[in-house]
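Below is one structure, written out as structure tokens; comments come after it.
For the single chain, residues carry numbers from 1 onward in sequence order.
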Amino acid sequence: MVKIFLDPGHGGSDPGAVGNGIQEKDITLAIATRIKNLLAKYNVEVKMSRTSDTFPSLSDRTNAANAWGATFFMSVHVNSGGGTGFETFVYPGSGAPTTTYQNLIHAEIMKLLDFNDRGKKQSNLHVLRESNMPAILTENGFIDNATDAAKLKNGAYLDKIAQGHVNGLVKAFGLTLKNIAVSEEEAADNKLYRVTTGTFKDVDSQKQAIKNLLTLFKNAYPYDTNGLRAITGTFVGKASAETAAAKIKAKFGYLTYIKAE
């Protein structure tokens, strides 16, 4: 089974970059925790270098990943230094599969964010150099840029950052959703549920979303009340609707809403 090691940068006595009333160590932990929670739906093992405000050394982080036999090392950071936007790093000279994973993950994250794309880069960083498996480091905005920092203060935006990371991992490693056992009550649920996706910024975006949804489902159509949205069929039982919503989020990152008919 694929084993993903998540490394929220900094922590404890090391706040990382600081600016606009927030600290890097808090943002990285919030993003990585969201990634772990989203990955709980998939057939994948996940371990984190820290799960609270502690400071494992750089060697602690890579040693833990190496000892565990991780398939992939993902270090989550926030930038500083007067720039703006998102970028990813791998170790200099890395070839496939590391660069393949970087390309896929970077692209999936940028699909969901309106950060400036600073590109895919290389750097001789400890966590990239000393990990025995392919590794990537993501820099999610600049904490000392007021516009980027405003996004990092927004929980819904952190959700999007995390979802982008997960979408990249799903695509890079072909992760599949778990077959989750349902309770007798859920099994007996024969109500009809509708899955609504969106809201979209314009009609063209809505039309493209419907085309995307039709690659997963037989039925998808526009719904324009209180915003441009899309409806993906009608499902028997809430569990079926939730599974459909999870597939939509995993492949496209769209927000979804489930409502009983």
Side-chain angles (χ1 to χ4, degrees), residues 4 6-11 15-39 72-91 94 98-123 125 127-128 135-172 197-202 204-205 208-209 212 248-256:
I4 305 295
L6 298 175
D7 174 40
H10 307 280
V18 177
N20 291 290
I22 51 178
Q23 300 182 97
E24 181 180 5
K25 68 174 184 177
D26 298 324
I27 303 302
T28 61
L29 182 59
I31 294 170
T33 300
R34 284 167 163 80
I35 294 171
K36 181 183 179 183
N37 292 340
L38 289 168
L39 286 173
F72 188 65
F73 188 106
M74 175 177 277
S75 192
V76 179
H77 285 258
V78 176
N79 229 327
S80 65
T84 180
F86 173 82
E87 59 193 8
T88 57
F89 290 90
V90 296
Y91 186 67
S94 295
T98 299
T99 51
T100 303
Y101 297 151
Q102 182 186 26
N103 290 338
L104 290 170
I105 292 168
H106 189 106
E108 290 302 312
I109 292 171
M110 287 308 305
K111 284 180 183 179
L112 298 190
L113 305 183
D114 56 357
F115 276 140
N116 174 50
D117 188 349
R118 295 173 57 86
K120 293 166 283 188
K121 303 179 179 181
Q122 301 183 353
S123 184
L125 301 170
V127 294
L128 303 178
I136 188 173
L137 185 145
T138 66
E139 291 278 9
N140 299 274
F142 279 71
I143 205 166
D144 54 352
N145 176 284
T147 301
D148 285 10
K151 296 172 183 175
L152 297 174
K153 293 178 182 179
N154 185 323
Y157 203 85
L158 296 184
D159 289 342
K160 292 173 68 174
I161 293 174
Q163 187 67 62
H165 282 68
V166 169
N167 291 353
L169 290 169
V170 168
K171 182 167 285 191
T197 303
T199 307
F200 301 100
K201 62 182 179 180
D202 52 45
D204 287 341
S205 298
Q208 183 59 53
N212 291 341
I248 293 168
K249 287 184 180 179
K251 186 162 186 179
F252 304 115
Y254 298 149
L255 294 176
T256 56

L137 vs Y91, side-chain contact (heavy atoms from CB on, under 4.5 Å): CA-CA, chis, key distance, verdict
CA-CA 9 Å; L137 185 145; Y91 186 67; over 6 Å; no

K153 and N20: side-chain contact (heavy atoms from CB on, under 4.5 Å), yes or no, with the steps?
CA-CA 9 Å; K153 293 178 182 179; N20 291 290; 4.2 Å; yes

Please determine whether side-chain contact (heavy atoms from CB on, under 4.5 Å) holds for the pair N212 and K251, giving the CA-CA distance in whole Å, both sets of side-chain angles, and the decisive distance to 0.1 Å.
CA-CA 9 Å; N212 291 341; K251 186 162 186 179; over 6 Å; no

When you look at K151 and D114, which way does the side-chain contact (heavy atoms from CB on, under 4.5 Å) test go after all the steps?
CA-CA 10 Å; K151 296 172 183 175; D114 56 357; 3.1 Å; yes

Starting from the C-alpha separation in whole Å, work towards a yes-or-no answer on side-chain hydrogen bond (donor to acceptor under 3.5 Å, both in side chains) for D204 and Q208.
CA-CA 6 Å; D204 287 341; Q208 183 59 53; over 6 Å; no

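Residues I4 and L6 have side chains in contact (heavy-atom distance under 4.5 Å, counting atoms from C-beta outward). Looking at heavy atoms from C-beta onward, S75 lies in side-chain contact with V127 at the 4.5 angstrom threshold. By the 4.5 Å heavy-atom criterion applied to side chains, N140 and H165 are counted as neighbours. Two residues are said to be in side-chain contact when any heavy atoms from C-beta on lie closer than 4.5 Å; I136 and T98 fail this criterion. Counting heavy atoms from C-beta on, the side chains of F73 and D7 come closer than 4.5 Å. With a 4.5 Å cut-off on side-chain heavy atoms, T88 and K121 do not count as touching. Between I161 and L113, some side-chain heavy-atom pair lies under the 4.5 Å cut-off. A heavy-atom distance below 4.5 Å is found between the side chains of I143 and I22.
D202 meets the side chain to side chain donor-acceptor pair (under 3.5 Å) test with S205; sequence neighbours excluded. Remark: L112 engages Q163, N167 in a side-chain contact (heavy atoms from CB on, under 4.5 Å) (not counting sequence neighbours). For D148, the side-chain contact (heavy atoms from CB on, under 4.5 Å) partners two or more places apart in sequence, or in a different chain, are T84, F115, F142, N145. In terms of the ring-ring contact (aromatic ring centres under 6.0 Å, His included) criterion, F89 has no residue partners (sequence neighbours excluded). Looking at residues two or more places apart in sequence or on another chain, you find a side-chain contact (heavy atoms from CB on, under 4.5 Å) between N103 and K120. With sequence neighbours excluded, the residues that form a side-chain contact (heavy atoms from CB on, under 4.5 Å) with T256 are V195, T197, A245, I248, K249.
Taking the six-membered ring where tryptophan is involved, the planes of F200 and Y254 are perpendicular, since the angle between them exceeds 60° and thus also 30°.
Judged by distance alone, the side chain of S94 and the main-chain N or O of V90 form no donor-acceptor pair under 3.5 Å. Counting only distance, with no hydrogens or angles, the side chain of E139 and the backbone of N79 share a donor-acceptor pair below 3.5 Å. Side chain of E24 to main chain of G16: no donor-acceptor pair is present (N/O by atom type, distance under 3.5 Å, no hydrogens or angles).
Across all their heavy atoms, S123 and L128 have their closest contact at O-CD1, 3.7 Å. Pairing each heavy atom of M74 with each of I35, the nearest pair is SD-CD1, 4.4 Å. What you find for Q23 and P15 is that their closest heavy atoms are OE1-CB, 3.1 Å.
Defined by atom type and a distance below 3.5 Å, a donor-acceptor pair is missing between the side-chain atoms of H77 and T138.
Within 6.0 Å of NZ on K171 lie no more than 12 heavy atoms contributed by other residues, nucleotides or ligands.
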